[in-house]
Amino acid sequence: MYKIVRKKVLNPTVTQMEILAPLVAKKAKPGQFIILRTDEDGERIPLTVAGTDPEEGTVKIIFQVVGGTTEKLNHMNQGDSLQDFVGPLGRPTETEGIKKVCIVGGGVGCAIAMPVAQEFHRLGADVTSIIGFRSKDLLILEDEFRACSNKLVVMSDDGSYGRHGNVTVPLKEMLEAGEKFDLIITIGPLIMMKFVTLTAKPFGVPVTVSMNPIMIDGTGMCGGCRLTLIKDGKPVTKFACVDGPDFNGYEVDFDEAMSRSRMYFGFERKSHESICNLYKQEAR
Amino acid sequence: MALDPKKHEMPVQDAVVRGKNFDEVALGYTKEVAIAEAQRCLNCKNRPCVSGCPVNISIPEFIAEIKKGEFEEAYRIINKTSSLPAVCGRVCPQETQCESKCTLGIKYESVGIGRLERFVADWHNEHATEKPAKPAPNGHKVAIVGSGPSGLTCAGDLAKKGYAVTVYEALHTAGGVLVYGIPEFRLPKKIVAKEVQTLKDLGVDFQENVVIGKTLTIDELFEMGNEAVFVGSGAGLPRFQGIPGESLKGVYSANEFLTRSNLMKAYRDVNDTPIMKGGKVIVSGGGNVAMDAARTALRLGAEVHIVYRRSMAELPARKEEVEHAEEEGIHFDILTDIKEILGFHNPDDPRDERNGFVTGVRCVKTQLGEPDEKGRRRPVDIPGSDFVLEADTVVIAIGTSPNPLIKDTTPGLEINSHGGIIVNEDGLTSRKGIYAGGDAVTGAATVISAMGAGKTAAAAIDEYLSK
Ligand SMILES: Cc1cc2nc3c(=O)[nH]c(=O)nc-3n(C[C@H](O)[C@H](O)[C@H](O)COP(=O)(O)OP(=O)(O)OC[C@H]3O[C@@H](n4cnc5c(N)ncnc54)[C@H](O)[C@@H]3O)c2cc1C
Ligand SMILES: Cc1cc2nc3c(=O)[nH]c(=O)nc-3n(C[C@H](O)[C@H](O)[C@H](O)COP(=O)(O)OP(=O)(O)OC[C@H]3O[C@@H](n4cnc5c(N)ncnc54)[C@H](O)[C@@H]3O)c2cc1C
Ligand code: FES
């Protein structure tokens with residue numbers, strides 16, 4: 001069992017927890033993730049390592065409540081224990097040789113992007129961060145990003161905070177103004193990552209995308225996390241949990257990935273509703 | 001007494017009833033039937049059956065004890081060479097191993113050795129009361145990677161000799177394929193749990209949720225004071241066919257389909273993990289894995305077709321599983337090869353919820369041609385014989401290979417061209433103190449051979465560390 005040492009609500013749908021898992025805390029690098037189960041009947045869900053304290057033996061996770069399992073997790077409190085917590089999984093983000101980087105995060109993807117931005121900052125790279133949210137109440141981690149970025153742009157879809165519009169707008173402006181990034185890293189909804197890649201393409205800047213497909217084991221055993229890369233015109237199957245989660249944005253078949261991410265849509269909606277109903281009954 | 005030419009029938013759940021539940025299909029012999037079956041054994045001097053057993057269980061000897069009603073003694077004899085009789089009695093391909101060599105089998109049906117093994121193990125599990133005594137520690141520490149049959153066996157043999165043994169398992173439950181692959185209706189999970197509990201009683205420490213190569217490396221296991229490491233990490237990497245449409249929604253590897261159902265218990269409605277249920281399911285392949293996937297899908301309410309490139313005679317699955325599958329109403333489309341998986345596409349509405357879901361498979365009929373290197377006749381496509389089978393779900397069960405994770409993180413560990421770890425006859429790898437066995441070495445094989453490899457390595461580790 002893995003104890004929840006601290007819990008902090010970041011906004012109405014995003015929560016941060018620190019979990020006691022000393023072996024993971026010692027090993028995890030930015031870009032890697034863990035898989036957890038809340039309870040004996042729970043499903044296995046992947047979440048990115050948002051930070052570690054190797055001395056205390058804790059691992060930070062930040063998650064958005066989007067469905068049944070994240071709802072259950074959000075109902076757990078400091079002192080409770082998770083059934084399972086395994087990691088670190090996946091390959092760490094490659095940082096070598098990058099002097100100037102642009103991090104583009106969207107929504108809860110910013111939680112996944114934050115430790116990557118911090119790592120580049122620690123390594124002395126010039127970090128530009130563009131973070132976008134649907135609206136002001138959904139904003140997270142602004143201070144954290146400010147602390148590790150040479151330049152920070154906050155965007156909101158509805159204009160309720162920062163600049164109005166989506167993250168590709170300032171990215172395009174910067175590229176057109178002649179900013180020379182060695183690498184753009186983008187993490188967020190698939191559709192956003194697709195458009196960040198398209199925006200960067202005419203400028204020839206390498207783009208790394210962080211793919212978050214549905215996963216089960218996270219060790220390369222099931223193939224449920226597979227995605228297709230187009231390499232030299234030929235499709236190549238990769239497993240995001242072991243070959244990724246970071247991939248070359250120009251090679252990813254985004255349309256297929258978007259389709260696959262909706263495989264269990266009906267089931268997920270039902271499961272979330274029934275779990276919510278359970279909590280409502282308990283609250284009564 | 002006249003010799004019964006036939007094996008005593010194994011009582012089974014009715015085919016229609018069991019097609020709707022996940023309870024065990026085969027119910028096991030009663031005491032009386034077991035004794036009667038044992039009496040069919042001729043107790044041949046040259047013991048051909050023993051040579052057919054990958055771990056050379058003293059078969060006529062344990063059967064002789066059954067004849068006398070000395071079941072616990074029979075168990076003791078099996079247990080000398082096999083650590084998992086309740087498992088092997090259920091899942092071994094006896095028809096190609098011990099029973100294929102049985103003298104009776106020349107004229108009649110062979111003795112039901114597997115059924116007798118299962119009877120003895122179940123009898124022991126039900127009646128034996130004494131717990132194994134924890135042996136005195138010998139001061140040595142050994143780590144085991146993976147908790148499949150090879151790892152469990154190696155752990156047990158070493159623990160009995162007083163080694164402090166820790167088993168590291170990547171998943172959240174110990175048992176390897178026995179828990180995530182083979183379904184409940186063929187191997188009840190409580191049997192595996194009992195084997196694990198027995199090891200815990202012996203003092204073996206189980207650390208689940210530890211991925212060796214990620215959470216800890218093998219070199220770190222040595223730094224932690226382990227003097228030897230056994231790698232029993234299996235062959236868990238699923239192969240796909242490389243045909244168009246494999247990324248459509250509704251296409252699973254058998255590992256994913258079975259893991260969702262078995263390990264994550266998606267077949268129980270109370271569980272959170274989703275799985276496609278019902279509709280038409282096509283399973284591609286002909287091994288035990290394909291049978292398990294097909295019969296699981298059937299129990300989840302589907303109409304199921306197994307599509308296999310060769311004929312019924314070449315099906316690599318256990319004979320009993322094929323028979324059970326047929327009885328349960330699974331269709332076999334043999335001499336048929338899948339060329340493409342077809343998906344739904346509404347050209348007018350990209351937001352149509354059905355887009356990207358499987359609708360069927362395009363197949364071609366085959367005929368058997370020249371034998372390949374292994375002597376199996378190669379399937380050859382018959383031109384112009386294309387046809388389409390409708391499907392909502394497609395499960396690919398064409399094989400697995402060893403996961404590269406351990407090789408990639410253990411400098412100096414040599415592997416062969418199939419990804420299997422190279423070992424000598426003792427199970428020793430190219431690195432001092434690192435032993436390996438089971439599917440991680442051989443590629444996908446059998447429970448009994450994995451168990452045998454665990455035993456061999458345990459003996460070699462003991463010798464290495466006693467020096
Ligand atoms: C490597 C990796 C790292 C991740 N890191 C984080 C993280 O740090 N913080 C975080 O909040 N989430 C992260 N995710 C996504 C997270 O795993 C899913 O949100 C979670 O599994 C949803 O579970 P649920 O039962 O609550 O919702 P479900 O009922 O499973 O899904 C609810 C909704 O979310 C969508 N969804 C389901 N799974 C995913 C997914 N993997 N990615 C995107 N959308 C999904 C569904 O389509 C559905 O619309 C990560 C995913 C991966 C693969
Ligand atoms: C569906 C199915 C049906 C089968 N039916 C039969 C049958 O009827 N009869 C028969 O004889 N055989 C059958 N087999 C084959 C048999 O199950 C295997 O040959 C046997 O389980 C191999 O044992 P093993 O110990 O080598 O590995 P496995 O049983 O594969 O166990 C390996 C374990 O190691 C763990 N692991 C892997 N990598 C790591 C790591 N890096 N760190 C920590 N842990 C790790 C895995 O999670 C797993 O639990 C079947 C296989 C499948 C998949
Ligand atoms: S999650 Fe199972 S292979 Fe990646």
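Below, chains carry the letters A, B, ... as their sequence lines are ordered, and counting in each starts from 1. Scope of the values below: all heavy atoms of this structure, side chains included, with no hydrogens, waters or symmetry mates.
Using modelled atom types, one side-chain atom of B:Ser253 and one backbone atom of A:Cys222 make a donor-acceptor pair closer than 3.5 Å. Between the side chain of A:Arg226 and the backbone N or O of B:Ser247, no donor-acceptor pair lies under 3.5 Å.
In this structure, no portion of B:Gln207 lies under 4.5 Å from any heavy atom of chain A. Interface residue A:Phe85: only backbone heavy atoms are found under 4.5 Å from chain B. With a 4.5 angstrom heavy-atom cutoff, B:Phe257 does not touch chain A via any of its atoms. Heavy-atom distances place both the backbone and the side chain of B:Leu237 under 4.5 Å from chain A. For chain B, the nearby part of A:Thr228 is the side chain; its heavy atoms alone come within less than 4.5 Å.
With respect to B:Glu353 and A:Arg262, a salt bridge is recorded, a charged nitrogen being found less than 4.0 Å from a carboxylate O.
Within residues 235-255 of chain A, the residues approaching chain B closer than 4.5 Å by heavy atoms are, in numerical order, A:Phe239.
A:Glu256 places none of its side-chain heavy atoms less than 4.5 Å from the side chain of B:Lys249. B:Asn403 has its side chain out of reach of A:Met221: every pair of non-hydrogen atoms, C-beta onward, lies at least 4.5 Å apart. Contact annotation: the side chain of A:Arg44 approaches that of B:Leu171 to within less than 4.5 Å [non-hydrogen atoms, C-beta and beyond]. Two residues are said to be in side-chain contact when any heavy atoms from C-beta on lie closer than 4.5 Å; A:Val86 and B:His172 fail this criterion. With contacts defined as side-chain heavy-atom distances shorter than 4.5 Å, the pair A:Asp217/B:Thr259 does not qualify.
With a 6.0 Å radius and a threshold of 12 heavy atoms from other residues, nucleotides or ligands, B:Lys189 has its NZ atom above the threshold. Atom NZ of A:Lys7 has more than 12 heavy atoms from other residues, nucleotides or ligands within 6.0 Å. Within 6.0 Å of the CD atom in A:Glu94, the count of heavy atoms belonging to other residues, nucleotides or ligands does not exceed 12. Atom NZ of A:Lys201 sits in a sparse spot, with 12 or fewer heavy atoms from other residues, nucleotides or ligands closer than 6.0 Å. Within 6.0 Å of the CZ atom in A:Arg6, the count of heavy atoms belonging to other residues, nucleotides or ligands exceeds 12.
In terms of heavy-atom pairs under 4.5 Å with chain B, the best-connected choice from A:Gly224, A:Ala28, A:Gly218 is A:Gly224. Among the candidates B:Thr400, B:Leu258, B:Val251, the residue making the largest number of heavy-atom pairs closer than 4.5 Å to chain A is B:Val251.
To the nearest 0.5 Å, atoms CD (B:Glu256) and CD1 (A:Ile214) are separated by 8.5 Å. Within the model, atoms CG of A:Leu89 and CG of B:Leu405 stand 9.0 Å from one another, a figure rounded to the nearest 0.5 Å.
When all heavy atoms are compared, the tightest approach of B:Met264 to A:Glu43 is CE-CA, 3.9 Å. Closest of all the heavy-atom pairs between B:Leu248 and A:Arg260 is O-NH1, 3.5 Å. Closest non-hydrogen pair, B:Pro238 versus A:Gly220, comes out as CD-O, 3.5 Å.
Partners of B:Phe230 under the ring-ring contact (aromatic ring centres under 6.0 Å, His included) rule, at least two apart in sequence or in another chain, do not exist in this structure. Under the ring-ring contact (aromatic ring centres under 6.0 Å, His included) criterion, B:Phe206 pairs with no residue, sequence neighbours left out. Residues meeting the ring-ring contact (aromatic ring centres under 6.0 Å, His included) test with B:Tyr180, sequence neighbours left out: none.
When only modelled atom types and interatomic distance are considered, B:Thr215 and A:Lys27 share no side-chain donor-acceptor pair under 3.5 Å.
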